[in-house]
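Report on the following structure.
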Number of protein chains: 2
Amino acid sequence: MNMKPTDSEMEILQVLWKKGQCSVREVYECLDSKAVGYTTILKLMQIMLDKKMVDRDTSAKTHIYKALINEEQTQHNFLDKMIDTVYNGSTSRLVMQALGNNRTSKEELNAIKQYLENLENS
Amino acid sequence: MNMKPTDSEMEILQVLWKKGQCSVREVYECLDSKAVGYTTILKLMQIMLDKKMVDRDTSAKTHIYKALINEEQTQHNFLDKMIDTVYNGSTSRLVMQALGNNRTSKEELNAIKQYLENLENS
DNA sequence: TTGATATTACGAAAAGCTTCGTAGATTTGA
DNA sequence: TCAAATCTACGAAGCTTTTCGTAATATCAA
């Protein structure tokens, strides 16, 4: 069950994870920055249904979709793959680059330090 | 010039980055775990030449390839994209998941702590 | 020299991703 | 009621990625 959603699928999953339940139109509206047609989103979500990435309730005319795959698990899959294929297996290298990109706020840095302390004491 | 190498291209780039200069056969031999034909690697590297990801010296019969795109820069591109599309922009979330995967050795953790200290004092 | 080996070039097939148009069904509201 | 709006299903086109076979050329060794 080691899913690897495509970029487009990830965009849709992000919406489903955030909202929990969604019609195609709701997803479409959340993504309108992408300037892609309604039926494109529909088709993608139907394909995701085939792949069992999502499930849907078809009791009403407007089908309601929800994610079948877990957000954290999916993030982990991506991360592990990235560490292998992009960072040659070095987690620390990835972490340092992530922290060095100047996009991390003081609050985030503190949270990470806290996390490291806890990791140490376990 | 914001390249996004494919998975196969990344495998080849890993070899080129590690070795510096390579014939197609050398790359092929480094990747034989993948059980893919010689001409497949050749074709991929020719495509990468088109895309200007690599350059080559054709003065001898056996062409010698080298990466044109930078390893760190490429890692950064992947990382930034991943933080956006997979982690909704939260660097700290990515970092904590990376550290929590139990693949990180004590040495790596110490290096990261050191790195955080230095980041603080600058 | 000449046959075996190594190399490149190139076309093309297969698979997957993204996109949209159109047809048909359902709902809604004037 | 019935026309407009909404929704699903589905096919298909265009693109990229991955794969390999074959032909042509170059090198090497006996």
Side-chain angles (χ1 to χ4, degrees), chain A residues 2-16 19 21-66 69 74 77-78 81-82 85-86, chain B residues 2-16 19 21-66 69 74 77-78 81-82 85-86:
Chain A
N2 222 11
M3 292 291 180
K4 222 242 163 187
T6 67
D7 285 356
S8 303
E9 287 166 351
M10 276 306 291
E11 295 194 78
I12 290 166
L13 284 169
Q14 296 283 6
V15 177
L16 292 179
K19 299 207 164 188
Q21 307 258 100
C22 266
S23 66
V24 174
R25 182 148 305 271
E26 286 176 282
V27 173
Y28 171 66
E29 244 124 49
C30 277
L31 297 179
D32 55 5
S33 61
K34 258 208 80 185
V36 81
Y38 173 82
T39 54
T40 301
I41 303 294
L42 171 65
K43 180 69 165 184
L44 282 171
M45 291 175 73
Q46 286 169 344
I47 291 172
M48 292 167 80
L49 183 72
D50 279 350
K51 294 185 184 174
K52 298 203 187 343
M53 280 179 187
V54 300
D55 197 8
R56 68 180 176 186
D57 174 356
T58 60
S59 58
K61 183 200 171 192
T62 300
H63 300 177
I64 300 299
Y65 287 75
K66 65 169 190 283
I69 64 178
T74 304
N77 291 159
F78 270 97
K81 172 145 202 198
M82 173 126 159
T85 66
V86 181
Chain B
N2 222 12
M3 293 290 180
K4 223 246 166 184
T6 67
D7 285 356
S8 303
E9 287 166 351
M10 276 305 292
E11 294 194 78
I12 290 166
L13 284 169
Q14 297 283 6
V15 177
L16 293 179
K19 300 207 165 191
Q21 306 259 98
C22 266
S23 67
V24 174
R25 180 148 307 270
E26 285 176 285
V27 173
Y28 171 66
E29 243 123 52
C30 277
L31 297 178
D32 55 5
S33 60
K34 259 207 79 187
V36 80
Y38 174 82
T39 54
T40 302
I41 303 295
L42 170 66
K43 179 70 164 183
L44 283 171
M45 291 174 74
Q46 286 169 344
I47 290 172
M48 291 166 81
L49 182 73
D50 280 350
K51 294 186 184 174
K52 299 206 189 339
M53 279 178 188
V54 300
D55 197 7
R56 69 180 176 185
D57 174 355
T58 61
S59 57
K61 182 199 171 192
T62 300
H63 300 176
I64 300 299
Y65 288 75
K66 65 169 190 280
I69 64 178
T74 304
N77 291 159
F78 270 98
K81 171 145 203 200
M82 174 129 159
T85 65
V86 181

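The sequence lines fix the lettering, A, B, ..., with proteins before strands; numbering per chain opens at 1.
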Of the listed nucleotides [options], the one nearest the side chain of [X]:
X       : options                : result
A:His63 : C:dT18, D:dT8, C:dT8   : D:dT8
B:Thr6  : D:dT17, C:dT18, D:dT8  : D:dT17
A:Thr39 : C:dG21, D:dT18, C:dT7  : C:dG21
B:Ile47 : D:dC7, C:dT22, D:dT18  : D:dT18
A:Lys51 : D:dT18, C:dT27, C:dC17 : C:dC17
B:Val36 : D:dC20, C:dT7, D:dC7   : D:dC20
A:Lys43 : C:dT7, D:dA12, D:dT8   : D:dA12

Does [N] have its OP1 or OP2 closer than 4.0 Å to a side-chain nitrogen or oxygen of [X]?
X       : N      : answer
B:Tyr28 : C:dT7  : no
A:Arg56 : D:dC7  : no
B:Arg25 : C:dA6  : no
B:Tyr38 : D:dG21 : no

| Distance-only, no hydrogens or angles: does the B:Gln14 side chain make a donor-acceptor pair with backbone N or O of A:Thr85 under 3.5 Å? |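 Judged by distance alone, yes, a pair lies under 3.5 Å.
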| query | To the nearest 0.5 Å, what is the distance between OG (A:Ser8) and CD1 (A:Ile47)? | reply |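 With rounding to 0.5 Å, OG (A:Ser8) is 9.5 Å from CD1 (A:Ile47).
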| field | Nearest-nucleotide comparison on DNA chain C, the residue closer to the 5′ end among A:Ala60 and A:Ile41 | value |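 Counting from the 5' end, the first nearest nucleotide belongs to A:Ile41.
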| field | Comparing A:Lys61 and A:Asp7 on DNA chain C - which has the more 5′ nearest nucleotide | value |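 The residue mapped nearer the 5' terminus is A:Asp7.
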| task | Tell me what B:Thr40 touches on the nucleic acid: a base, only sugar-phosphate, or nothing, going by heavy atoms under 4.0 Å. | result |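 Here B:Thr40 touches the bases of the nucleic acid.
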| field | Sugar-phosphate only, base, or nothing, as touched by A:Thr62 at under 4.0 Å among non-hydrogen atoms | value |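 Sugar-phosphate contact only.
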Over all heavy atoms of both residues, which pair between [X] and [Y] is shortest? Give the atoms and the distance, please.
X       : Y       : result
A:Pro5  : A:Met53 : CA-CE, 3.7 Å
B:Tyr28 : B:Tyr38 : CE1-N, 3.6 Å
A:Thr74 : A:Met10 : CG2-SD, 4.2 Å
B:Leu49 : B:Asp55 : CD1-CA, 3.9 Å

In whole angstroms, how far is the [atom2] atom of [N] from the [atom1] atom of [X]?
X       : N      : atom1 : atom2 : answer
A:Leu42 : C:dG21 : CG    : P     : 14 Å
A:Asp50 : C:dC17 : CG    : P     : 12 Å
B:Glu9  : D:dT19 : CD    : C1'   : 14 Å
B:Glu11 : D:dT19 : CD    : P     : 9 Å
A:Met48 : C:dC17 : CE    : C1'   : 13 Å
A:Gln46 : D:dG11 : CD    : C1'   : 12 Å
A:Lys4  : C:dG16 : NZ    : P     : 15 Å
A:Met45 : D:dA9  : CE    : P     : 12 Å

